[in-house]
Amino acid sequence: MRLRRVWVRHREKLLVAALLVLTGIIMTSPKPLARLVRQEEEGVVLVDGLRKKNYHDYNYMKLETQQRGLGEQGAGATLPTGLEKEKDEFYKVNGFNARLSDEIALNRSLKDIRHPKCQKYLYLAELPTAAVVVPFHNEHWSTLLRTAFSAYNRAPKHLLKEIILVDDASTKDFLGIKLDNFLRENLPIARVVRLPSRWGLIRARLEGAKHAKADVLIFLDSHTECTTNWLPPLLEPIAQNYKAAVCPFIDVIDFETFEYRAQDEGRRGSFDWEFYYKRLPLLAEDEANMPMPFKSPVMAGGLFAISSKFFWELGGYDPGLDIWGGEQYELSFKVWQCHGVMYDAPCSRIGHIYRKFAPFPNPRKDNFIARNYRRVAEVWMDDYKKYLYMRQPGWLQTDTGDISEQLAVRERNKCKPFQWFMENVAFDLAKHYPLIEPPDYCNGTIQSLADPKLCIDSKMKGQFERLDSLGECSASSQFQFQLTAYKDLRPLKSHNCWDVPDLQAKHAPVLLFGCHKGLGNQMWKYDMENYLIRFGHDGTHCLDSSTLNREIFVSRCDMTSQTQKWKWSFFNEERLRNYDNLDPRP
Ligand code: UD2
Ligand code: MN
């Protein structure tokens, strides 16, 4: 009753007092902090006790869908007519259609081709900062800049601290002051570090890494494009374990049309015993957890993230690796053997232009690739190195140079033996890439019975070229072929296989494509009773020829046709008889 009376009598005074107290609280509270806390918590949710957040930049994504023009949305494009001469000139020095690239916007839009679940995935609200490091030697202007712009435009700005372009002694004029000025005005987060002479991509990366101030190093090739939300998936596993190295999915930017397309939906990285980069199937658990990061034995090399702390604990790269090659194996072995882990992160997708051909002359007088491979093998592979040397005895002729520093890294970090890697990480590698090569079905020359002085002649042709000719039989290497245990047919020791992409054509051409082990349109069989070289699973088509035009092609098998009959200089009768029971992936 009494309170009520007080309230009624002093209502106004009380209200004013309350108002004054409230304003006091608001006025004296540290405003900026209050705003910060509120802003940070916006969009942050607790998932299993962890603060997570959605990093998508929906405004940017919406703008992208509205962009129109050549190559937009990652579509394939063709060069406007009249530029053929320039096209050829630019192709020669880049190994891809660089003139077309100049017609495409530096910030062109790309389709979101990620696994649909990536759109909803939340990442830790606190992630480490990143530095992008891009080594380049004579890279083309627009492809280099598109690399930098795509990385910047599609990354959360507070996480991407710097973009360091390392100029490995380029000689193209525009890569000098013009590039510095352009970046200063248009993309100040990026800067160029220049090397005094050609150091090669590995030492260029090392130099870039030394300049970086961010927590995580992200290496990219100089002709790549980062897609929607590419950065958080690379950083999260590192935030959880600083010894994790994380690779994005590497997609394909077509060297001719600049079409952006998926490479595939994931494989585990690997190598064969000549150190060609290869891939292994996903494990059932990887498929089930898609698109969560999965463990991968070996990185492709060009594109990955690693904490600067772990990178330097591992001694960075071996600085004795020169120009190009081998560093992807060195770092992968190091990461695994020295107590780290390597993941592929399906929600981070970055496109790469695989060149049509290597445009640069050899900058050294020696075989630096062989030396690089040997250094890696000698330091990390223990007894397994012999499986490389068995196939490449020539490598033993190359001097590794001093490897004591690298051995000291291994010792200092108490790294595990290579056998541990083979048994626990790359446990299925030897099944797909046997330590010892299984015997060929056939090899040597392939002689025509229609005209026995003629043999199949590869003319040393390579990837994407048509294998079309017959020549006068000789022992020289262009006449040597093998029908391997993988049931594919290839020029001796080549990694390009006979492939028939258009079987319906009347005289179906045989092309050379990267070998994919006898499967699909690379499977061949020698029918030794009938001297036929049969193509494909059903074997209804055979290798045929016109001895007059000295041409070869594939047509429907005809036992009576002499132009379809071939004699191998060597064939393994027992294995051929057993052909249908033998696994092409021994
Ligand atoms: C593949 C890898 C690359 C690296 C290499 C083996 C991918 C997509 N790419 O390269 O990262 O692992 O195999 O070493 O996995 N460069 C220099 N100086 C040189 C030579 C090259 O700075 O002396 C730069 C070049 O401009 C490019 C990068 O190094 O940015 C890789 O060279 P590439 O693109 O010619 O070779 P690629 O794609 O076959
Ligand atoms: Mn490249």
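These numbers were taken from a predicted model, which means no experiment stands behind them. Whatever order the structure lists ligands and atoms in, that order sets their numbers, starting from 1. All heavy atoms count here, side chains included; hydrogens, waters and symmetry mates do not.
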Check your understanding: Closest non-hydrogen protein atom to atom 27 (C) of ligand 1, residue and atom name please, with distance?
Key -> Ser222 OG, 3.6 Å
Check your understanding: Does ligand 1 have any atom that is closer than 4.0 Å to a heavy atom of Arg205?
Key -> yes
**Study point:** Non-neighbouring partners of Tyr121 that pass ring pair (Phe, Tyr, Trp, His ring centres under 6.0 Å), sequence neighbours left out
**Key:** Tyr123
Exercise for review: Would you please indicate if the ring centroids of Tyr152 and Phe149 are separated by under 6.0 Å?
Suggested key: no
Point to revise | Protein heavy-atom partner closest to atom 10 (O) of ligand 1 - residue, atom, separation in Å | key: Trp324 NE1, 3.5 Å
Check your understanding: Atoms of ligand 1 less than 4.0 Å from His352 heavy atoms?
Key -> 8 (C), 38 (O)
**Study point:** Under the disulfide (SG to SG under 2.5 Å) test, residues paired with Cys226 that sit two or more places apart
**Key:** none
Check your understanding: What pairs of residues pass the side chain to side chain donor-acceptor pair (under 3.5 Å) test when at least one of them lies in residues 334-343, not counting sequence neighbours?
Key -> Glu330-Lys334
Practice item. Give the residue, atom name and distance (to 0.1 Å) of the protein heavy atom nearest atom 15 (O) of ligand 1. Key: Gly302 N, 3.0 Å
Check your understanding: Using heavy atoms and a threshold below 4.0 Å, how should the contact between His137 and ligand 1 be classified: side chain, backbone, both, or neither?
Key -> both
Point to revise | Pair Phe421 and Tyr384, ring centroids less than 6.0 Å apart | key: no
**Study point:** From the candidates Ala358, Ala300, Pro359, Pro135, the one that places a heavy atom nearest atom 24 (C) of ligand 1
**Key:** Pro135
Check your understanding: How close does the nearest protein non-hydrogen atom get to atom 35 (O) of ligand 1, and which residue and atom is it?
Key -> Arg355 NH2, 2.8 Å
Check your understanding: Is Asp383 paired with Lys386 through a side-chain N to carboxylate O contact shorter than 4.0 Å?
Key -> yes
Check your understanding: Would Met299 count as a contact of ligand 1 if the rule is a heavy atom under 4.0 Å away?
Key -> no
Check your understanding: Is the centre of the Tyr389 ring less than 6.0 Å from the centre of the Tyr373 ring?
Key -> no
Review point. Will you find, in the side chains of Tyr60 and Arg154, an N or O donor that is under 3.5 Å from an N or O acceptor?
Key: no
Check your understanding: What are the atoms of ligand 1, with element, lying closer than 4.0 Å to any heavy atom of Glu327?
Key -> 4 (C), 6 (C), 12 (O), 14 (O)
Practice item. Enumerate the atoms of ligand 1 whose separation from the nearest heavy atom of Gly200 is less than 4.0 angstrom. Key: 18 (N), 19 (C), 23 (O)
Study note, to complete from the structure: To atom 20 (C) of ligand 1, the nearest of Ile323, Leu195, Thr143 on a heavy-atom basis is Ile323
Check your understanding: Can you name the one residue among Phe333, Trp380, Tyr387 that meets ring pair (Phe, Tyr, Trp, His ring centres under 6.0 Å) with Phe418?
Key -> Phe333
Practice item. Check each atom of ligand 1 against the heavy atoms of Gly325 and keep those under 4.0 Å away; list them by number with element. Key: 6 (C), 14 (O)
Practice item. Quick one: look up the protein heavy atom nearest atom 18 (N) of ligand 1 and list residue, atom name and how far away it is. Key: Asp168 OD2, 2.7 Å
Point to revise | Nearest-option assignment for atom 29 (O) of ligand 1, heavy atoms, candidates Leu201, Leu165, Thr224, Ile202 | key: Leu201
**Study point:** Presence of salt bridge, Glu64 and Arg108, under 4.0 angstrom
**Key:** no
Exercise for review: Check each heavy atom of Arg364 against ligand 1 and say whether those closer than 4.0 Å belong to the side chain, the backbone, both or neither.
Suggested key: neither
Exercise for review: Could you tell me the residue and atom name of the protein heavy atom closest to atom 28 (C) of ligand 1, and the distance to it rounded to 0.1 Å?
Suggested key: Asp221 OD1, 3.6 Å
Check your understanding: Which atoms of ligand 1 have any heavy atom of His223 under 4.0 Å away?
Key -> 34 (O)
Check your understanding: Is it true that the NZ or CZ of Arg355 lies under 6.0 Å from the centre of Phe96's six-membered ring and within 45 degrees of the ring axis?
Key -> no
Review point. Can the ring centroids of Tyr329 and Phe275 be said to lie less than 6.0 angstrom from one another?
Key: yes
Check your understanding: Is the distance between the ring centroids of His352 and His223 under 6.0 Å?
Key -> yes
Exercise for review: Using distance alone, with no hydrogens and no angle criterion, decide if Asp167 and His137 have a side-chain donor and acceptor under 3.5 Å apart.
Suggested key: no
Practice item. Anything protein N/O/S under 2.8 Å from the Mn ion (ligand 2)? Just list residue and atom, please. Key: Asp221 OD2, His223 NE2, His352 NE2
Exercise for review: Taking the six-membered ring for Trp and the single ring otherwise, decide whether the centroids of Trp273 and Phe271 are under 6.0 Å apart.
Suggested key: yes
